[in-house]
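Below is one structure, written out as structure tokens; comments come after it.
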Amino acid sequence: ARNKYSQELARMAQPGASHLPKAELVKKSGFIMSRISFRTIVMKKWKQSFWVQYGSHTMLWFRGKTDFDDWLNNPYHTQSQRNFLIKLAINFVHDLYKPNVRGYQVT
């Protein structure tokens, strides 16, 4: 949920700050065990992550809920800082238009 002070702080943010993500596009969220970093894939070690359904066809993964809250509510981040908080983003519609993507499957 959006911090009630975020919008007011965003009005006072520096010119280089990015716009806040739309909180109403966060449909579902929760914790999940994942291996999305190079180290956890190689070591075959599972770590807890936080996922969010953003809009109707995008999933975002974060290292934890604190990174998600920071991404959603911190009005002082530049766009690159905000993007850095996202560990993995999958857009199930737009990715299908990429030349090497034929679909997704659970492994």
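Residue numbers start at 1 and run along the sequence shown.
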Just how far is it from atom [atom1] of [X] to atom [atom2] of [Y], taken to the nearest 0.5 Å?
X	Y	atom1	atom2	result
Lys45	Ser34	NZ	OG	13.0 Å
Lys47	Arg35	NZ	CZ	13.5 Å
Asn83	Gln79	CG	CD	4.5 Å
Leu60	Phe68	CG	CZ	8.5 Å

Locate the shortest heavy-atom distance separating [X] from [Y]; write the atom from each residue and the value.
X	Y	result
Lys65	Phe50	N-CB, 3.8 Å
Tyr54	Lys22	OH-N, 3.0 Å
Ile36	Ser49	CD1-OG, 4.3 Å
Leu72	Pro21	O-CD, 3.9 Å

Does any non-hydrogen side-chain atom of His94 lie less than 4.5 Å from one of Thr58?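 Answer no - side chains too far apart.
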
Find out whether Ile90 and Trp61 are in side-chain contact, i.e. whether some heavy atom of one side chain is under 4.5 Å from a heavy atom of the other.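 SC-SC contact between Ile90 and Trp61 confirmed.
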
So for atom [atom1], which belongs to [X], do other residues, nucleotides or ligands contribute more than 12 heavy atoms lying within a distance under 6.0 Å?
X	atom1	answer
Met43	CE	no
Lys27	NZ	yes
Phe31	CZ	yes

Within one Ile-Leu-Val-Met-Phe-Trp-Tyr cluster: Trp46 and Ile41, side-chain cutoff 4.5 Å: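 In one cluster with Trp46: Ile41, no.
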
If two hydrophobic side chains count as joined below 4.5 Å and joins carry through other members, does Leu88 share a cluster with Phe84?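 Each belongs to a different hydrophobic cluster.
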
Just by distance, do the side chain of Arg82 and the backbone of Asn74 share a donor-acceptor pair under 3.5 Å? yes

Heavy-atom donor-acceptor pair, Glu24 side chain to Val26 backbone, under 3.5 Å: no

Name the orientation class of the two ring planes belonging to Phe62 and Trp71 (parallel below 30°, tilted from 30 to 60°, perpendicular beyond 60°).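 Judged by the thresholds at 30° and 60°, the geometry between Phe62 and Trp71 is tilted.
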
